[in-house]
Amino acid sequence: NFLGDGLIVNPLNAGLDPGAGGSYALTKLMLDLSYKAYSVLSINDRTFHNWVVVKKELNSNYDFDAYLFRSPTATNGKYDYAIAFRGTDGFIDGVNDVLQVALNISIGQAQVAENFTRQVLNTSSFTNNMGTLYFTGHSLGGYLAQFVQSEIVDKIISTNFVTRTVTFNAPGFTNLH
């Protein structure tokens, strides 16, 4: 991130938000949700921004954690939702990073992320009142958010909802298909 005469800044600290269409509040919110994905949360727990946990997936077979959050207020009867994927957290995730991201060898986390997203999109208690669906994550979690969004763009995951992805320190992406 460069500004002017080679000055390197952090867009969040500088009050800039080029990646989220100018919505600095959205980036801060997604950062908070990404951070919360590293926590052990229960259904109905609330975040700093008052978003509520409505679904979670803690899969120890693949060292995978994800949470579905719902916005505190509805607009025209529709709530925004966000899936936050936990990023690298320990040795097993480090191995996952190398295999999945650097070597393009799928070891399961991308498929678990895809399945979790499909579960959300096939649950009427969420989709009947869903506005926008966001994907977010830090590090490996950001990679998983990008992967799921790419599956939607490529029509491998079908949805009629507006989806957006905001990631933090995510590695580059190559398609696993």
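Just so you know, these numbers use all the heavy atoms, side chains as well, and skip hydrogens, waters and symmetry mates. Residue numbers count from 1 along this sequence.
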> How long is the span from the CD atom in Glu151 to the CZ atom in Phe135, to the nearest 0.5 Å?
Replying inline: 10.5 Å
>> Please tell me whether Phe116 and Val153 are part of a single hydrophobic cluster in this structure, the criterion being side-chain heavy atoms less than 4.5 Å apart.
In response: no
> Taking all non-hydrogen atoms of both residues, which atom of Ser139 and which atom of Tyr38 are closest, and how far apart?
Replying inline: CB-OH, 4.3 Å
> Between atom CZ of Arg46 and atom CZ of Phe69, what is the distance when rounded to the nearest 0.5 Å?
Replying inline: 12.0 Å
> Could you go step by step and tell me if His138 and Thr167 meet the side chain to side chain contact (heavy atoms under 4.5 Å, CB included) rule?
Replying inline: CA-CA 6 Å; His138 166 261; Thr167 66; over 6 Å; no
> So do the side chains of Lys36 and Leu41 get within less than 4.5 Å of each other, counting heavy atoms only?
Replying inline: yes
> With a 4.5 Å limit on heavy-atom distance, are the side chains of Val162 and Leu133 in contact?
Replying inline: no
>> Could you check whether any side-chain N or O of Ser34 sits under 3.5 Å from a backbone N or O of Gly137, counting only pairs where one atom can act as donor and the other as acceptor?
In response: yes
> For the residue pair Thr127 and Leu121, what are the closest heavy atoms and their distance?
Replying inline: CG2-O, 3.3 Å
>> For Phe147 versus Ser150, what's the shortest heavy-atom pair and its separation?
In response: O-OG, 2.7 Å
>> Could you measure the distance from the CD atom of Gln149 to the CG atom of Asp154? Nearest 0.5 Å is fine.
In response: 10.0 Å
> How long is the gap from OG1 on Thr73 to NZ on Lys78, to the nearest 0.5 Å?
Replying inline: 15.0 Å
>> Treating Glu114 as the side-chain partner and Val148 as the backbone partner, does any N or O pair qualify as donor plus acceptor under 3.5 Å?
In response: no
>> Less than 4.5 Å apart, side chain to side chain, heavy atoms only: is that true for Leu33 and Met30?
In response: yes
>> If you apply the rule side chain to side chain contact (heavy atoms under 4.5 Å, CB included), what do you find for Glu57 with Gln119, and how did you get there?
In response: CA-CA 10 Å; Glu57 175 75 23; Gln119 288 172 18; 4.3 Å; yes
>> Looking at Asp80 and Gly131, would you say the former's side chain and the latter's main chain have a donor-acceptor pair under 3.5 Å?
In response: no
> Between Lys56 and Ile43, which heavy-atom pair has the shortest distance, and what is it?
Replying inline: N-CD1, 4.0 Å
>> Please give me the minimum heavy-atom distance between Val53 and Ser42, naming the atom from each residue.
In response: CB-O, 3.5 Å
> Atom CD in Gln111, atom CG in Leu144: separation rounded to 0.5 Å?
Replying inline: 9.5 Å
>> Using a 3.5 Å distance criterion without hydrogens, assess whether the side chain of Asn122 forms a donor-acceptor pair with backbone atoms of Arg118.
In response: yes
> With no hydrogens and no angle check, is any side-chain donor or acceptor of Thr123 less than 3.5 Å from a backbone partner on Ser125?
Replying inline: no
> Side-chain contact, heavy-atom cut-off 4.5 Å: Phe85 with Thr117?
Replying inline: yes
> More than 12 heavy atoms of other residues, nucleotides or ligands under 6.0 Å from CG of Asn160: is that the case?
Replying inline: no
> Do Leu31 and Tyr35 sit in the same hydrophobic cluster, where Ile, Leu, Val, Met, Phe, Trp and Tyr count as joined when their side-chain heavy atoms come under 4.5 Å apart?
Replying inline: no
> For the side chain of Asn59 and the backbone of Asn61, is there at least one donor-acceptor N/O pair under 3.5 Å apart?
Replying inline: yes
> Roughly how far, to the nearest 0.5 Å, is CZ of Phe168 from OG1 of Thr27?
Replying inline: 5.5 Å
> With a 4.5 Å heavy-atom cut-off, do Val54 and Tyr79 have their side chains touching?
Replying inline: no
> Closest heavy-atom contact between Arg86 and Ala37?
Replying inline: CB-O, 3.4 Å
> Is a donor on one side and an acceptor on the other found under 3.5 Å between the side chain of Ser124 and the backbone of Asn128?
Replying inline: no
> When you look at Asp45 and Trp51, which way does the side chain to side chain contact (heavy atoms under 4.5 Å, CB included) test go after all the steps?
Replying inline: CA-CA 8 Å; Asp45 280 356; Trp51 282 50; over 6 Å; no
>> Distance to the ring centre below 6.0 angstrom and angle to the axis at most 45 degrees; does that hold for Arg164 and Tyr134?
In response: no
> Partners of Phe126 by ring-ring contact (aromatic ring centres under 6.0 Å, His included), sequence neighbours excluded?
Replying inline: Tyr81
>> For the backbone of Ile83 and the side chain of Lys55, can you confirm whether one donor and one acceptor N or O come within less than 3.5 Å of each other?
In response: no
